[in-house]
Amino acid sequence: MPLQRPKGTQDHLPDGSPKLSRDIQASAFAHVQDVARRVLERSGASFIATPLFEEAELVKRGVGGSTDIVRKEMFTVYYFGDHGGYVLRPEGTASIVRAYLQNGLKQLPAPLKLWTHGPMFRAENVQKLRLRQFHQVDYEVLGSTDPLVDAEAIWLMWEVVRELGLTGVRVKLGSIGDPEDRERYNAYLRGLFGAHADRLSDDSKDRLERNPMRILDSKSAGDQALLAELGVKPMLDFLGEDARAHFGAVQAYLREWGVPFDLDPSIVRGLDYYRRTAWELHHEGIGAKSALGGGGRYDGLAEQLGGAAVPGIGWAFGIERVLGALEAEGVAFAQVDGPLLYLAAMDEANVGLAARLALAGRSHGRVEFAYRAMKPGSVFREADRRRARHAAVIGSDEAARGVLNIKNLGTGETREVPVADLNAFLDDLSQQARGTREQA
RNA sequence: GUGGGUUUAGCUCAGUUGGUUAGAGCGCCGCUCUGUGGAAGCGGAGGCCGGGGGUUCAAAUCCCCUAAUCCACCCCA
């Protein structure tokens, strides 16, 4: 048995590979990233990249010591020496805020919009579209508390999935208030459930201590019966005046822009740094956990990392989950183009000529060549398999006359092109290819 | 961390109550095929039946352990 990839990781494979599903198709990954780039950079976001590993302390303080991510899902990297340890990043926000503080990005015009994509790591048990190395597209805005920034962030996330062609996505929107609001609400929940702790499921007894809001979306039938019986008030009833006004403004903008959303009073962010606006995008058909991604405001995070007070808001979605949703909906992508031209020689003496012409043509488009002499039948078979648009067979006659007989594999027509005109011919082809791609 | 399913060729899968040398389709390679393709025919390569242990005259098949994988719980993207 040959060595295998580590549990919870995936290989991203070329089109045409056996066992290829959408969430491991390299070209599909690139497509999602391209669409996100287009949408986000149109909005003024700049690309940023941070290391794949960070100080463990950054993750502990950023994500929060009470979260599952820190308690049991950290990929810790040890090395010689007495260093406290690095961790492979479990999410992108803490790193980006760290980079903002460390590099003086406050100098750039505020609010600063940043985006990135890349792998994230969480050491947990795998299930459908839940991996140990997964990939996110991430958008962050630093330096503004304006609800308009919140609304635009949600709009952008919606716009990315819409441009990707997904139709079955639902936005669940809530507000978890300011920290003091949440404290009051948690105290209320602890009081309410504490009196009936014996009726809670074991998981929820645990939640009562760590994060009582999690009891609200418990899957246990007993918990849900108790919830209904007690008539639990939603978080939104506990919002302070400012948080309430902020949340109202966010909703008003979204309605004005036609972004459909459902108010979800049970929305709870799993990371400690969130406050106020919180939302998730959901899609049925990607398994038990239907979240494509989520986001929220994190005005206290920069201070928590030891920096100046910098308000922020951001979101991330899982690329694998989005690809899973696209597969579930049967959304088709444009296929990656094959070569414009495939060149092959009929005899060994001209193999070098085919190679030289191909290399010279590459500044004008994708050109491939055969590494050994072939019979004409094989040339076209090989050209087809590579999804080439044209193919030319070079024999001693063509070599002597300095021409190519180029066959259009779509129409079957052959035309003679002088070698001197090859580059102009390829230019025409790549312009045509661009044209048809834009139409599609 | 917990529970269930699965594991036979590159891929999708057969394989009878345990019984000789483990099969098919597709894919791959070659030939038919010296001047214009997608085809067909013929041939070929490719398997420690996930790994280890046990029962048996005999194990892909029965038992135990283990790993990987898929799904679910917790939680998250």
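Bear in mind that the values here come from a model prediction, so they are computed numbers and not experimental data. By convention in this document, chain letters (A, B, ...) are assigned in the order of the sequence lines, proteins followed by strands, and residues within each chain are numbered from 1.
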For B:U56 versus B:U17, give the span between their P atoms, rounded off to a whole number of Å.
-> 23 Å
Rounded to the nearest angstrom, tell me the gap between atom NZ in A:Lys172 and atom P in B:A77.
-> 13 Å
For B:U36, does OP1 or OP2 lie under 4.0 Å from any side-chain N or O of A:Arg381?
-> no
Considering only NZ, NE, NH1 and NH2 on the basic side and carboxylate oxygens on the acidic side, decide whether A:Glu368 and A:Arg386 come within less than 4.0 Å.
-> yes
To the nearest Å, how far apart are A:Asp11 CG and B:G10 P?
-> 16 Å
Could you check whether A:Phe134 and the base of B:A77 form a stacked pair, meaning centres closer than 5.5 Å and planes differing by less than 30°?
-> yes
Could you give the distance separating B:U55 and B:C63 at their C1' atoms, to the nearest angstrom?
-> 7 Å
Let me know the distance between NE2 of A:His117 and C1' of B:A77, rounded to the nearest Å.
-> 16 Å
Answer yes or no: side-chain N or O of A:Asn125 and base N or O of B:U2 forming a donor-acceptor pair under 3.5 Å.
-> yes
Per the atom types in the model, does the base of B:G35 pair as donor or acceptor with the side chain of A:Glu398 at under 3.5 Å?
-> yes
Measure the distance from NZ on A:Lys128 to P on B:A77 and round it to the nearest whole Å.
-> 19 Å
Determine: side-chain N/O of A:Lys375 to OP1/OP2 of B:U32, distance under 4.0 Å, yes or no.
-> yes
State which residue, out of A:Trp115, A:Tyr298, A:Trp315, fulfils the side chain to side chain donor-acceptor pair (under 3.5 Å) condition with A:Glu140.
-> A:Tyr298
How close or far is atom P of B:A77 from atom CD of A:Glu140, stated in whole angstroms?
-> 12 Å
Does a nitrogen or oxygen in the side chain of A:Arg130 sit under 4.0 Å from OP1 or OP2 of B:C74?
-> no
Would you kindly give the CD1-to-P distance between A:Ile406 and B:G35, to the nearest whole Å?
-> 21 Å
Thinking salt bridges, do A:Glu416 and A:Arg401 make one under a 4.0 Å N-O criterion?
-> yes
In whole angstrom, give the distance that lies between atom CD1 of A:Ile215 and atom P of B:C75.
-> 10 Å
Under-4.0 Å side-chain N/O to phosphate OP1/OP2 contact, A:Arg385 with B:C29 | yes
Distance, rounded to the nearest Å, where A:Arg5 contributes CZ and B:C70 contributes C1' | 13 Å
Would you mind checking if A:Lys407 and A:Glu413 are paired as a salt bridge, meaning a charged N to carboxylate O distance below 4.0 Å?
-> no
Phosphate OP1/OP2 of B:C70: any A:Gln127 side-chain N/O under 4.0 Å | no
Is there a Watson-Crick or G-U wobble partner for B:U55 with both distances under 3.5 Å, and which nucleotide is it?
-> none
For B:U2, the Watson-Crick or wobble counterpart (both distances under 3.5 Å) = B:A72
Which is true for A:Ser396 with a 4.0 Å heavy-atom rule: it touches a base, it touches only sugar-phosphate, or it touches nothing?
-> base
Validation row: A:Leu164, A:His31 side chains within 4.5 angstrom (heavy atoms) = yes
